[in-house]
Amino acid sequence: MDNIVIFGAPGSGKGTYSAALVKEFGYNRISTGDVLRAEIKAGTKLGKIVKGYIDQGQLIPDEHMIDILAGVYDSMLDGPGVIFDGFPRTIVQAKALKDMLQERGEKITITINLNVSEDVLMERLLRRAKIEGRADDNEETIKKRFKVYYNQTYPLIEWFKNEGVLSEFTFKGDTNLIIKEIIEKVASL
Ligand code: AP5
Ligand code: MG
């Protein structure tokens with residue numbers, strides 16, 4: 001089974017390219033951000049806990065995320081693979097992911113790191129704000145999300161490198177061109 005991590009800053013295209021891989025290869029997808037937003041919308045206990053963190057652009061504590069992950073993953077074991085969109089985001093989460101996969105005889109197949117400059121990210125997220133109206137898509141919270149990304153998530157690149165699973169992508173073209181490149185990369189695995 002393929003276990004593909006799509007990694008990058010807010011607005012780098014994790015959701016966009018995950019969806020393309022799902023369509024092309026029939027993978028299942030775990031988007032932790034989508035899972036959390038659904039919990040908030042449904043007004044669950046977890047949703048109430050996480051809302052404040054998301055609205056402030058902060059990460060949800062690792063223990064909540066790790067609990068969610070294994071449950072969702074186990075419902076996807078009969079497919080050709082799983083895309084992780086937005087997880088892991090801390091070293092603790094990365095180690096938990098590695099352990100969880102190992103317990104099931106699996107491992108990370110590849111991590112696709114999306115490199116996009118900060119001014120382009122801001123432009124995209126402000127544009128998306130007008131279309132989707134996500135609570136954390138305003139300039140002030142976006143800046144906090146960038147800070148959290150660089151402080152807590154970016155250091156994971158070294159961890160992925162040490163695991164031998166990192167694939168760096170610096171994309172310049174339009175969305176369709178990038179989708180084509182990522183699909184080629186995954187098809188060659
Ligand atoms: P999450 O939902 O994961 O948000 P994020 O990381 O901030 O990323 P986004 O979803 O904003 O961007 P994306 O990379 O998916 O880009 P997209 O494809 O939409 O997390 C939200 C929050 O949940 C976190 O802040 C945290 O509080 C919490 N959380 C989630 N996971 C967690 C975890 N593991 N641990 C703890 N807390 C967690 O693209 C952006 C826009 O750009 C779109 O409009 C798209 O159409 C456009 N676009 C994409 N590619 C291109 C291109 N090439 N050219 C032009 N436009 C493009
Ligand atoms: Mg997303």
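We number each residue from 1, following the sequence as shown.
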Any donor-acceptor N/O pair, Lys51 side chain to Leu36 backbone, under 3.5 Å: no
Those residues that, when tested against Asp78, pass side-chain contact (heavy atoms from CB on, under 4.5 Å) (two or more places apart): none
Pairwise distance CE(Met65) to OG1(Thr32) - rounded to 0.5 angstrom: 4.5 Å
Over all atoms of both residues, closest heavy-atom pair of Thr141 and Gly57: CG2-N, 3.7 Å
side-chain hydrogen bond (donor to acceptor under 3.5 Å, both in side chains) partners for Asp136, two or more places apart: Arg134
For Leu121 against Ala9, the heavy-atom pair lying closest together: CD1-CB, 3.6 Å
Atom CD of Glu63: over 12 foreign heavy atoms under 6.0 Å: yes
Worked check of side chain to side chain contact (heavy atoms under 4.5 Å, CB included) between Arg29 and Asp34: CA-CA 10 Å; Arg29 166 182 171 199; Asp34 286 352; 3.6 Å; yes
Donor-acceptor under 3.5 Å (Asn3 side chain, Val82 main chain): no
Contact check, side chains of Leu97 and Met100, non-hydrogen atoms, under 4.5 Å: yes
N/O donor-acceptor pair under 3.5 Å between Lys48 side chain and Gly43 backbone: yes
Partners meeting ring-ring contact (aromatic ring centres under 6.0 Å, His included) with Phe25 (sequence neighbours left out): Tyr27
Side-chain (Lys161) to main-chain (Leu166) donor-acceptor, under 3.5 angstrom: no
Which atom of Thr109 lies closest to which atom of Met1, heavy atoms considered: OG1-O, 4.0 Å
Shortest non-hydrogen contact from Pro88 toward Leu156: O-CD1, 3.5 Å
Backbone N/O of Arg89 and side chain of Gln93: donor-acceptor pair under 3.5 Å: yes
Student check: side-chain heavy atoms of Leu21 and Ile6 closer than 4.5 Å: yes
Residues that, via side-chain heavy atoms closer than 4.5 angstrom, fall in one hydrophobic cluster with Val148: Leu59
Contact summary for Ala70 and Arg104, nearest pair of heavy atoms: CB-NH2, 4.1 Å
Distance, nearest 0.5 Å, that separates CG of Asp174 from CD1 of Ile179: 8.5 Å
For Phe84, all residues meeting ring-ring contact (aromatic ring centres under 6.0 Å, His included), sequence neighbours excluded: Tyr73
Same apolar cluster (I L V M F W Y, side chains within < 4.5 Å links), Ile131/Leu125: no
Side chain to side chain contact (heavy atoms under 4.5 Å, CB included) evaluation trace for Arg124 with Val116: CA-CA 11 Å; Arg124 284 185 191 175; Val116 184; 4.0 Å; yes
Lys107 side, atom NZ; Lys98 side, atom NZ - distance, nearest 0.5 Å: 11.0 Å
Heavy-atom closest pair, residues Ile91 and Pro155: CD1-O, 4.5 Å
Residues Thr44, Glu39; criterion side-chain hydrogen bond (donor to acceptor under 3.5 Å, both in side chains); working and verdict: CA-CA 6 Å; Thr44 63; Glu39 294 281 339; 2.5 Å; yes
NZ (Lys144) with more than 12 external heavy atoms under 6.0 Å: yes
Spacing of Ser12 atom OG and Phe7 atom CZ [to the nearest 0.5 Å]: 9.0 Å
Any Ile110 side-chain heavy atom under 4.5 Å of Lys185 side chain: yes
Sequence-distant partners of Tyr149, ring-ring contact (aromatic ring centres under 6.0 Å, His included), two or more places apart: none
Contact check, side chains of Glu118 and Tyr150, non-hydrogen atoms, under 4.5 Å: yes
Close side-chain approach of Ile68 and Ile60, heavy atoms under 4.5 Å: no
Ile142 vs Pro10 side-chain heavy atoms within contact, under 4.5 Å: no
Salt-bridge criterion met for Arg145 and Asp137 (N-O under 4.0 Å): yes
Chi angles and distances behind the side chain to side chain contact (heavy atoms under 4.5 Å, CB included) call for Leu114, Tyr17: CA-CA 10 Å; Leu114 307 168; Tyr17 307 124; 3.9 Å; yes
Heavy-atom side-chain proximity of Glu139 to Met122 below 4.5 angstrom: yes
From Lys95 atom NZ to Gln102 atom CD, the distance as rounded to the nearest 0.5 Å: 13.0 Å
Of Ile4, Ile112, Leu177, the residue whose pairing with Ile182 passes side-chain contact (heavy atoms from CB on, under 4.5 Å): Ile112
Approximate separation, where rounding is to 0.5 Å, of Thr153 OG1 and Lys147 NZ: 14.5 Å
Validation row: Asn28, Val72 side chains within 4.5 angstrom (heavy atoms): no
